[in-house]
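Only a predicted model underlies this, so the values are computations on that prediction, with no experimental measurement involved.
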Amino acid sequence: MKTIEEVLKKLDEIIIWAKENKSPLGYFACTYRIMTAQVLKGIQQKKFEDNSRMTQLDIAFATRYLEAWDSYSKGLKCTNSWYLTFEATKNKDLLILQHIFLGINAHINLDLGISAASVMPYRKINPLKKDFENINNIISSINQKVQDSLNQICYPVDLIDKISNGKDNAILDFAISKARDTSWATAVIASNTPNFLKESVIGIVDYAAAKVASQILNPKILTPALTKELKKCESSDIVKNIEILTSTKTT
């Protein structure tokens, strides 16, 4: 892929597949599609120090997700954190937020840092830091739209919003911002790692992300009984849920 428009097209194909197969895979794909469109808008408006470099990063970033899904769907090996995320789509008892957080974990905690290091020269990652941080601002601008969609699908999200002192996008903001802090540390480490050791570094980061995925799948604060009750508050219509999330697309 050479353009972000191609990335968006590929994400649209995954979303269509998810609707046709009534798969929760579409929940993260929709969220990521919205974020990618907003980054493209930022590039078009020249909000980054180096817009060409940001395009390279966005494509490299998306490619890791798309290749992971392609491998998994063909029965081939992919990273552990993505494997757990994709396998989780078979679990009908998981909450919608769990599916979204699993995708955020694998893609940001693992893929983003590795992708950032891949577009920068060896041991010269620091010039990217400001643009890397700018992504946070751009993405946070659409979190409210995503949160509004989730409110239509899942009553507990709306309840948590009201408890959070008016910070309606607190849940996604926290998950994404914390993951991005971790991913910058990964980018620095990967940038300073010789090529012959990079696969080992990716394996270590993937192991850590898989541990986080396990915690998302089995959160200590949610008992099976509570999860069951929360699940009753969600819409069970996967296709309609995906359409609601898709309706927040920015381009």
What's the shortest heavy-atom distance between D70 and S73, and which atoms? O-OG, 2.9 Å
Taking ring pair (Phe, Tyr, Trp, His ring centres under 6.0 Å) as the definition, give me every residue that meets it alongside F48, ordered by chain and number, with sequence neighbours left out. none
Just jot down the side chain to side chain contact (heavy atoms under 4.5 Å, CB included) partners of A29, sequence neighbours excluded, or say none. I14, I15, Y65
Please examine the side chains of K124 and S191, heavy atoms only from C-beta on, and report whether any two atoms are closer than 4.5 Å. no
Salt bridge (charged side-chain N to carboxylate O under 4.0 Å, His left out) with E133: which residues, sequence neighbours excluded? K129
Pair D12 + R33, salt bridge at N-O below 4.0 Å: yes
When every non-hydrogen atom of L128 is compared with those of R53, the smallest separation belongs to CD1-NE, 3.5 Å
Using side-chain hydrogen bond (donor to acceptor under 3.5 Å, both in side chains) as the criterion, list what pairs up with D206, not counting sequence neighbours. S81
From K41 atom NZ to Q44 atom CD, the distance as rounded to the nearest 0.5 Å: 9.5 Å
Spacing of OG belonging to S52 relative to CG belonging to L57, to within rounding of 0.5 Å: 11.5 Å
Quick check against the 3.5 Å criterion: does N109 have a side-chain atom that pairs as donor or acceptor with the backbone of A209? no
Any link between V188 and I108 through a network of hydrophobic side chains (Ile, Leu, Val, Met, Phe, Trp, Tyr) touching at under 4.5 Å? yes
Clusters formed by hydrophobic residues whose side-chain heavy atoms approach within less than 4.5 Å: which one holds I202, and what are its other members? L110, I114, I189, V201, V205
For residues L97 and Y32: do they belong to one hydrophobic cluster (side chain heavy atoms under 4.5 Å, members Ile, Leu, Val, Met, Phe, Trp, Tyr)? yes
Tell me, which pairs form a salt bridge (charged side-chain N to carboxylate O under 4.0 Å, His left out) where one or both residues lie in residues 95-106, sequence neighbours left out? none
Between atom SG of C30 and atom NZ of K19, what is the distance when rounded to the nearest 0.5 Å? 8.5 Å
When you look at W69 and F86, which way does the ring pair (Phe, Tyr, Trp, His ring centres under 6.0 Å) test go after all the steps? CA-CA 8 Å; W69 167 243; F86 296 142; 5.2 Å; yes
Take K240 and E243 through the test salt bridge (Lys or Arg N to Asp or Glu O under 4.0 Å) and record every step on the way to the result. CA-CA 5 Å; K240 183 179 178 181; E243 287 175 347; over 6 Å; no
Quick one: list whatever passes side chain to side chain contact (heavy atoms under 4.5 Å, CB included) with T63, sequence neighbours left out. M1, I59, E67
If the plane angle is over 60° it's perpendicular, under 30° parallel, otherwise tilted; pick one for F61 and H107. parallel
Please list, chain by chain and in numerical order, all residues satisfying side-chain hydrogen bond (donor to acceptor under 3.5 Å, both in side chains) with K130, sequence neighbours excluded. none
Do L112 and F132 have side-chain heavy atoms sitting under 4.5 Å apart? yes
How would you list, by chain and number, every residue that makes a side-chain hydrogen bond (donor to acceptor under 3.5 Å, both in side chains) with N91, sequence neighbours excluded? none
Any L94 side-chain heavy atom under 4.5 Å of P24 side chain: no
Checking the side chain of N21 only, and the main-chain atoms of S23 only, is there a donor and an acceptor separated by less than 3.5 Å? no
Would you kindly say whether T3 and E6 are connected by a side-chain donor-acceptor distance under 3.5 Å? yes
Within 6.0 angstrom of Y122 OH, more than 12 heavy atoms from elsewhere: yes
Ignoring hydrogens and geometry, is there a side-chain-to-backbone donor-acceptor pair from T85 to L102 under 3.5 Å? yes
Counting distance only, does the side-chain N/O of D111 pair as donor-acceptor with the main-chain N or O of A62 below 3.5 Å? no
Holding to salt bridge (charged side-chain N to carboxylate O under 4.0 Å, His left out), I want the full list of residues that pass it with K9, two or more places apart in sequence or in another chain. none
Using 0.5 Å steps for rounding, measure from the CG atom of L11 to the CD1 atom of I4. 11.0 Å
All pairs passing salt bridge (charged side-chain N to carboxylate O under 4.0 Å, His left out) where residues 80-91 contributes a residue, at least two apart: E87-K90
Which atom of I96 lies closest to which atom of S235, heavy atoms considered: CD1-O, 4.5 Å
Can a donor-acceptor pair be found, under 3.5 Å and without considering hydrogens, that links the side chain of D58 to the backbone of M54? no
Between T246, I244, L245, which is the residue that forms a side-chain contact (heavy atoms from CB on, under 4.5 Å) with I242? T246
Residues S115 and R64: closest non-hydrogen pair is OG-CD, 3.5 Å
Thinking salt bridges, do K228 and D93 make one under a 4.0 Å N-O criterion? no
Between Q98 and I216, is there a donor-acceptor pair closer than 3.5 Å when you use the side chain of the first and the backbone of the second? yes
Taking all heavy atoms of E49 and all of P127, pick out the closest pair and write down the distance. OE1-O, 4.1 Å
Separation between CD of Q38 and CD1 of I43, rounded to the nearest 0.5 Å: 11.5 Å
Side-chain heavy atoms under 4.5 angstrom apart, residues restricted to Ile, Leu, Val, Met, Phe, Trp, Tyr: same cluster for L84 and L95? no
Under the side chain to side chain contact (heavy atoms under 4.5 Å, CB included) rule, what do V239 and K22 come out as? Steps first, then yes or no, please. CA-CA 6 Å; V239 174; K22 297 182 179 179; 3.9 Å; yes
Which residues pass the side-chain hydrogen bond (donor to acceptor under 3.5 Å, both in side chains) test with R123, not counting sequence neighbours? none
Any non-hydrogen side-chain atom of Y72 less than 4.5 Å from a side-chain atom of W82? no
How many angstroms lie between atom NE2 of H99 and atom CG of N241, to the nearest 0.5 angstrom? 10.5 Å
In terms of heavy-atom contacts, A117 and A187 come closest through CB-O, 3.8 Å
